[in-house]
Peer 1: 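Structure below; questions to follow.
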Amino acid sequence: MTTRWWEYVETNLRNRGLSPGDLSEMANVDRSRISEWKRGKGVSLETARAVARVFEVSPLEAWVAAELITDEEARLQRARPDPADFSDQELITELTRRLKRASG
């Protein structure tokens, strides 16, 4: 039974040219645990966080892949808006507003 978590792990290993053994070593996870993931066993928050560090991604991404939190819950954790989500005009308007406020 392939799980979302195992698909996530397998895809990231392949994309990074890593083996399950590499992941075991880098995340300090027993190799038998990785075999259990392949057979459908779940993962803990802390282990998913360690795997996220190896893959250089947000722990939220790994937790969603492991189905420990939902996509919606992950979005709630992002309190600050991403400036990349705003148009150039919106950024200019906000910067102008702040500069006017700062200069009195």
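The figures here come from the full heavy-atom set of this structure, side chains too, leaving out hydrogens, waters and symmetry mates.
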Peer 1: Taking the side chain as every heavy atom from C-beta outward, state whether D71 and R75 have any pair of such atoms under 4.5 Å apart.
Peer 2: yes
Peer 1: Considering only residues two or more places apart or on different chains, which pairs with a residue in residues 5-15 satisfy salt bridge (charged side-chain N to carboxylate O under 4.0 Å, His left out)?
Peer 2: none
Peer 1: Would you say the side chain of L13 lies within less than 4.5 Å of the side chain of S19, judging by non-hydrogen atoms?
Peer 2: no
Peer 1: Under a 3.5 Å distance rule, please check whether T11 uses its side chain to pair with a backbone N or O of Y8 as donor and acceptor.
Peer 2: no
Peer 1: Give a yes or no on whether N28 atom CG has more than 12 heavy-atom contacts from other residues, nucleotides or ligands under 6.0 Å away.
Peer 2: no
Peer 1: Looking at residues at least two apart in the chain, or sitting in another chain, which of them share a side-chain hydrogen bond (donor to acceptor under 3.5 Å, both in side chains) with T93?
Peer 2: Q89
Peer 1: Please check this pair: side chain of T96 against backbone of I92, looking for a donor-acceptor N/O pair closer than 3.5 Å.
Peer 2: yes
Peer 1: Starting from the C-alpha separation in whole Å, work towards a yes-or-no answer on side chain to side chain contact (heavy atoms under 4.5 Å, CB included) for V29 and L23.
Peer 2: CA-CA 8 Å; V29 175; L23 179 60; over 6 Å; no
Peer 1: With sequence neighbours left out, which residue pairs that include part of residues 20-35 fulfil the salt bridge (charged side-chain N to carboxylate O under 4.0 Å, His left out) condition?
Peer 2: R33-E36
Peer 1: Hey, does the side chain of T3 reach the backbone of G40 with a donor-acceptor pair shorter than 3.5 angstrom?
Peer 2: no
Peer 1: Can you sort out the partners of T70 under side-chain contact (heavy atoms from CB on, under 4.5 Å), two or more places apart, ordered by chain and number?
Peer 2: E72, E73
Peer 1: Return a table of donor-acceptor pairs under 3.5 angstrom between the side chains of residues 45-55 and protein atoms on other chains or two or more places apart.
Peer 2:
unit_1 : atom_1 : unit_2 : atom_2 : d
E46    : OE2    : R49    : NH2    : 3.4
T47    : OG1    : S44    : OG     : 3.0

Peer 1: To check you understand the geometry: which heavy-atom pair defines the closest contact between A66 and W5, and what is its length?
Peer 2: CB-CE3, 3.5 Å
Peer 1: For side chain to side chain contact (heavy atoms under 4.5 Å, CB included), just list the numbers for W6 and V43, CA-CA rounded to whole Å, side-chain angles, deciding distance to a tenth of an Å, and then say yes or no.
Peer 2: CA-CA 10 Å; W6 178 246; V43 61; over 6 Å; no
Peer 1: Using the salt bridge (charged side-chain N to carboxylate O under 4.0 Å, His left out) rule, collect all pairs that involve residues 89-98, keeping only residues at least two apart or in two chains.
Peer 2: E94-R97, E94-R98
